[in-house]
Every structure is written in structure tokens, then in C-alpha cells.
Amino acid sequence: RFDWYKKMRAESPILYDENTKIWDIFLYEDIIQILKNPKVFSSERRNNNIPTSNSIIAMDPPRHKQMRTLVNKAFTPRTIQSWTPHIQANIEQLLKKINDKSEFDIVKTIAFPLPLTVIASIIGVPYSDMDKFREWTLSIVSGPKDNSKESIEENTKRMYQGFKDLSNYFSQIIEKKRSHPQDDILSVLIAVEEDSVKLSDKEIIGFSILLLIAGHETTTNLITNTMYCFLEDQSVFNQIKQNPDLIPKAIEETLRYRSPVHAIPRIVKEDIVIRGQTLRAGDEVALWIGSANRDKNQFDQADEFNLHRTPNSHLAFGSGIHFCLGAPLSRLEANLVLSELVKRFPTMQLKDKMNIEPLQSPLMYGLKSLQVITQ
Ligand code: HEM
């Protein structure tokens, strides 16, 4: 897909796709301007089957600002840093299962389960509910099941059912926490009394489910993609082993070079002309951040993975008012887990370099599995 982006940036940086009825936008410069202009490019989407369409990511100002101020309190750098021991304990638990196996799948054993467990405890899901919780979440975040004949309609139905189950579950949890508040995000949101910012139960549910979805597969892909960047080129892995302090820089470069999310949607509010093309109110746009992050007008040697790239102003977490709320959390999780993997398995190698299977989704970017051998 990177070749396609390159062609589009050179030949048709803004193009109306007749099939999807969406404007595709490919240049860094255009995308950043659009992200910084929420007045003309709206995030509001409504779908009664999707509770997250009530949530912060689908809100415009002024409601967005109120909500963001509120939830920012639960996501300050200090709070996030304070989750370190908890995340580390989760990593330890998961790595125990690998023990001294000489071969394992990074996705299945750690990159996939870790973010879900972490976000569930931050939201305040009791440990005893974790299994059913995981099952509902999976029915939302997983696409059509491999090796099954599940049709798109069946998959959508399963997704809506997952949303419904999770919504019912959160309704009960909210009731419990109202009478017995605890030290978690849901309790903080429920406790807000001020009328102008107070959240309805529907909004609290939407936000909880958003955190689950926005924070799960994205972080899985970040962990997997970074490990892939290490193992694909042994000289990168050697540098990391010699100097593990480079891991945060490697994570930033992976965010740019193999961005976990490739496109951000917006809806045009007022007619506007970009590069001679007229976009009309009501039109939808797809901002291809996966392309912007390879734009040579922004990044030298954009198609090369450079551990020392400075500055690295990638758009992997978006930009402007909707800049990813969970960015510090996913950076922390990735840093902790990658540091541990590098330390424990210094002889790690890809099992089969020629057999790396990417995810099928056009919007997300990651791998179905990453099989490694450790000796
Ligand atoms: C927003 C990417 C992890 C929660 C965003 C946006 C992007 C993004 C591109 C902007 C969407 C837009 O402008 O419409 C990522 C990536 C992640 C990641 C690449 C991991 C590598 C997380 C985590 C959480 C999270 C761990 C939660 C714990 C959110 C929320 C928003 C958001 C709540 C909406 C913020 C707002 O509307 O003000 N994310 N995300 N994300 N992300 Fe993330």
C-alpha cells in the first residue's frame, strides 16, 4: 500500500473515490491543516447501534472541549506513570506462559492480551468479569473470523451484539460504582456533579467502550510492528540490545514508518476548495495518515526506518483537538513490554522471514502473527 500512497501523493493527492463516495487525502500538509480545522471538518457521526458514536472521538466543540477536560484528568502523565507496576505485573503474568518455550507468537502471547487487560483495569472492570468481558470485546474488534464462512452481514451482527452486551454490562457496573466508588475512571466520571459537564449514562458507556476499542488493537499493532522492525533487520536489533535507551525512539519511528492506524475520517461542514477541488458540505473525507507519515516533503528518506530520526513529527496519533488521549499509555505499555522482551530474549529471531502475514484491514496496519524463535 505504500507504493499506492506514493503514486497518489505524486499524481492525485486529493481524489474523490466513486466507489466509496469518500474523498481520499494523502499529503502531510493537507492532512494536518484539516485536523487543525474542526470547524469545517467535523468528527460527529451518529449510529444508534454503535455506542461510541456518543463518545468524545465523535464530538465537535464545544461539547468536545468539556468532555476532554474531564477525561484528561484521568490521563495525566503522572497518573499514567503510576500504572507502571500494574502493567509490569501483567507483562510478567503473560511472559510466564512462554516460560522457556523456544518458539512463540508475539501477537498471541503478549501484544494482543496485554492492552486489553491493562485498559480493563483502568476502566475498573473487576478481574472476575474479565473472561466474558474479553469475549464481548473480541466480537467487536475482530473482523470476519478466519477459516469461517462468516459473511460481512453476520460479522456486523456479531459486532452489534457485542456492543449491546457490553452496554448492558456497563449499565450494571455504573449502578454498582454509583453506590461504591473506587479508584478508577468510571468512578471519576460518575462522580461529576456539575450540570454543564455531567455525563449521561449513555455517554459514560460510550466512552468506556471507546477506550476499549481505541486502546486495544492499536496498541497491539504498535507492539507487534516495533518488534517486527527490530527483527527484520538484525543491525537494528543489535543497536537496541547495546543501547535499550533507544527503545522510545524506535517506538516513535515505528509509529511513523509502520503506523498502527492508517486513516482518520471527517465530515465536511462547509463547502471548501483544496488544491482546486471543491468539497461540499456533507461530503466524507479519509485522511491517510499512513501516507502522510511517508511524505518526503516532511521526512528525509521517508521510506527508511531510522532509529535516530529527529525531529519525528508523525501523525500516527492524529493532531489538534482529537489528538490521541491514550498516546502516553500506549507508549508506556510498548516501552515496558519491548524492554522486557529484548532483555529476556536477546537471541530472538523471526521464525520465517518469508512468511509474514499482514492484517487485511485498510484502516489498521499490523500483523496477524509474529512467530519468533528464541535460540
Ligand atoms: C484518538 C491512534 C492508543 C484512546 C486517536 C486518534 C488517533 C489514535 C489517530 C485521532 C482520531 C481522530 O482525530 O479522529 C491511536 C494509536 C494508538 C492509540 C495509533 C496506539 C498505538 C490509544 C489508547 C487509548 C486511546 C491506549 C485509551 C486508553 C483514544 C481516545 C481518542 C483517541 C479516547 C479520542 C480523543 C478525542 O477525541 O479527543 N487515537 N490510539 N488511544 N484515542 Fe488513540
Side-chain angles (χ1 to χ4, degrees), residues 25 31-32 34-38 41-45 52-76 79-80 83 87 111 114-125 137 141 184-186 189 203-204 206-226 248 251-267 284-290 292-293 314-338 363-366:
I25 302 189
I31 292 178
I32 198 152
I34 292 175
L35 288 172
K36 297 239 149 101
N37 188 357
F41 294 94
S42 160
S43 291
E44 253 176 40
R45 279 151 285 180
T52 50
S53 68
N54 288 314
S55 78
I56 185 166
I57 205 164
M59 277 176 192
D60 286 340
R63 184 68 179 140
H64 175 267
K65 178 78 195 286
Q66 288 175 341
M67 185 78 178
R68 182 84 191 203
T69 311
L70 199 64
V71 297
N72 268 343
K73 290 186 191 135
F75 279 85
T76 61
T79 322
I80 286 164
W83 289 326
I87 300 173
L114 181 69
L116 180 61
T117 324
V118 170
I119 197 68
S121 17
I122 290 171
I123 298 173
V125 175
T137 311
V141 298
D184 54 51
I185 292 186
L186 276 191
L189 297 181
E203 284 175 323
I204 298 180
F207 181 64
S208 312
I209 298 180
L210 171 68
L211 288 184
L212 274 181
I213 299 171
H216 187 216
E217 197 184 344
T218 49
T219 312
T220 299
N221 292 346
L222 176 59
I223 297 168
T224 313
N225 294 353
T226 311
I251 293 171
E252 291 313 301
E253 181 64 343
T254 305
L255 281 161
R256 182 194 73 83
Y257 182 75
R258 291 201 163 110
S259 310
V261 175
H262 267 227
I264 299 179
R266 289 290 183 267
I267 294 172
E284 290 181 49
V285 297
L287 308 173
W288 291 94
I289 52 175
N293 286 339
H314 63 73
L315 299 179
F317 289 122
S319 184
I321 62 168
H322 289 280
F323 181 83
C324 177
L325 183 71
L329 174 62
S330 53
R331 283 174 167 140
L332 176 66
E333 273 180 64
N335 191 10
L336 293 173
V337 73
L338 290 161
L363 305 181
M364 305 298 268
Y365 186 82

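First listed ligand is number 1; within each ligand, the first listed atom is number 1.
Ligand 1 has no atom lying under 4.0 Å from any heavy atom of Ser43. The closest approach between Ile122 and ligand 1 stays at or above 4.0 Å for every heavy atom of the residue.
Using a 4.5 Å heavy-atom threshold, the side chains of Phe41 and Leu287 count as separate. At a threshold of 4.5 Å between non-hydrogen side-chain atoms, the residues Ile119 and His216 do not count as touching. Using a 4.5 Å cut-off on side-chain heavy atoms (C-beta onward), Leu329 and Ile122 make contact. Contact annotation: the side chain of Glu333 approaches that of Val118 to within less than 4.5 Å [non-hydrogen atoms, C-beta and beyond]. The closest side-chain heavy-atom distance from Ser55 to Ile209 is not below 4.5 Å. Contact of the Glu284 side chain with the Ile267 side chain is registered, since non-hydrogen atoms from C-beta on lie closer than 4.5 Å.
Which parts of ligand 1 touch Ile321 is read off a 4.0 Å heavy-atom cut-off, strictly below it: atoms 38 (O). Residue-ligand proximity, Gly318 to ligand 1, at heavy-atom distances under 4.0 Å covers atoms 9 (C). In the vicinity of Ile56, heavy-atom distances shorter than 4.0 Å reach the ligand 1 atoms 36 (C), 37 (O), 38 (O). In summary, the atoms of ligand 1 found under 4.0 Å from a heavy atom of Ile264, numbered by their order in the structure, are 9 (C), 12 (C), 13 (O), 14 (O). Heavy-atom proximity to Phe75, at under 4.0 Å, picks out these atoms of ligand 1: 28 (C).
Screening His64, Met59, His322 for a side chain to side chain contact (heavy atoms under 4.5 Å, CB included) involving Ser43 leaves a single residue, His322.
At a heavy-atom distance under 4.0 Å, no atom of Leu315 approaches ligand 1. Contact annotation: for Leu210 versus ligand 1, heavy atoms closer than 4.0 Å belong to the side chain alone. With a heavy-atom cut-off of 4.0 Å, Leu329 touches ligand 1 through its side chain alone. Heavy atoms of Thr218 found under 4.0 angstrom from ligand 1 belong to the backbone as well as the side chain. At a 4.0 Å heavy-atom cut-off, ligand 1 touches Arg68 through the side chain alone. Residue Cys324 touches ligand 1 through backbone and side chain together, judged by heavy-atom distances below 4.0 Å. Residue-level proximity to ligand 1 for Leu222 is carried by the side chain, the only part with a heavy atom below 4.0 angstrom.
Protein heavy atom nearest atom 19 (C) of ligand 1, with residue, atom name and distance: Ala316 O, 3.6 Å. Of the protein's heavy atoms, Leu325 CB, 3.8 Å lies nearest to atom 30 (C) of ligand 1. Shortest contact from atom 23 (C) of ligand 1 to any protein heavy atom: Gly215 CA, 3.3 Å. Of all protein heavy atoms, the one closest to atom 28 (C) of ligand 1 is Ile119 CD1, 3.2 Å. Remark: minimum distance from atom 6 (C) of ligand 1 to any protein heavy atom is reached at Phe317 O, 3.8 Å. Among protein heavy atoms, the minimum distance from atom 24 (C) of ligand 1 is reached at Gly326 CA, 3.4 Å. Closest protein heavy atom to atom 10 (C) of ligand 1: His322 O, 3.6 Å. For atom 11 (C) of ligand 1, the nearest protein heavy atom (residue, atom name, distance) is Ile57 CD1, 4.0 Å.
The shortest non-hydrogen separation linking Gly318 to Phe323 is O-CD1, 3.4 Å. Shown here for Ile289 and Leu315, the closest heavy-atom pair between the two residues is CD1-O, 3.4 Å. Across Arg331 and Ile251, no two heavy atoms sit closer than the pair O-CD1, 4.2 Å. Of all heavy-atom pairs spanning Met364 and Asn221, the tightest one is CB-ND2, 4.0 Å.
In terms of polar-atom proximity, defined here as any N/O pair under 3.5 Å, His64 does make such a contact with ligand 1. Between Ser330 and ligand 1, no N or O atom pair is found at a separation short of 3.5 Å. Considering backbone and side-chain N/O of Arg266, one or more are found under 3.5 Å from N/O of ligand 1.
Checking side-chain atoms of Ser208 against main-chain N and O of Ile204 turns up a donor-acceptor pair under 3.5 Å. Judged by distance alone, with hydrogens and angles left aside, the side-chain atoms of Thr218 form a donor-acceptor pair with the main-chain N or O of Ala214 at under 3.5 Å. Without hydrogens or angle criteria, Arg266 side chain to Val285 main chain gives no donor-acceptor distance under 3.5 Å.
Salt bridge annotation for Glu203-Arg63: present, with a cationic side-chain nitrogen under 4.0 angstrom from a carboxylate oxygen.
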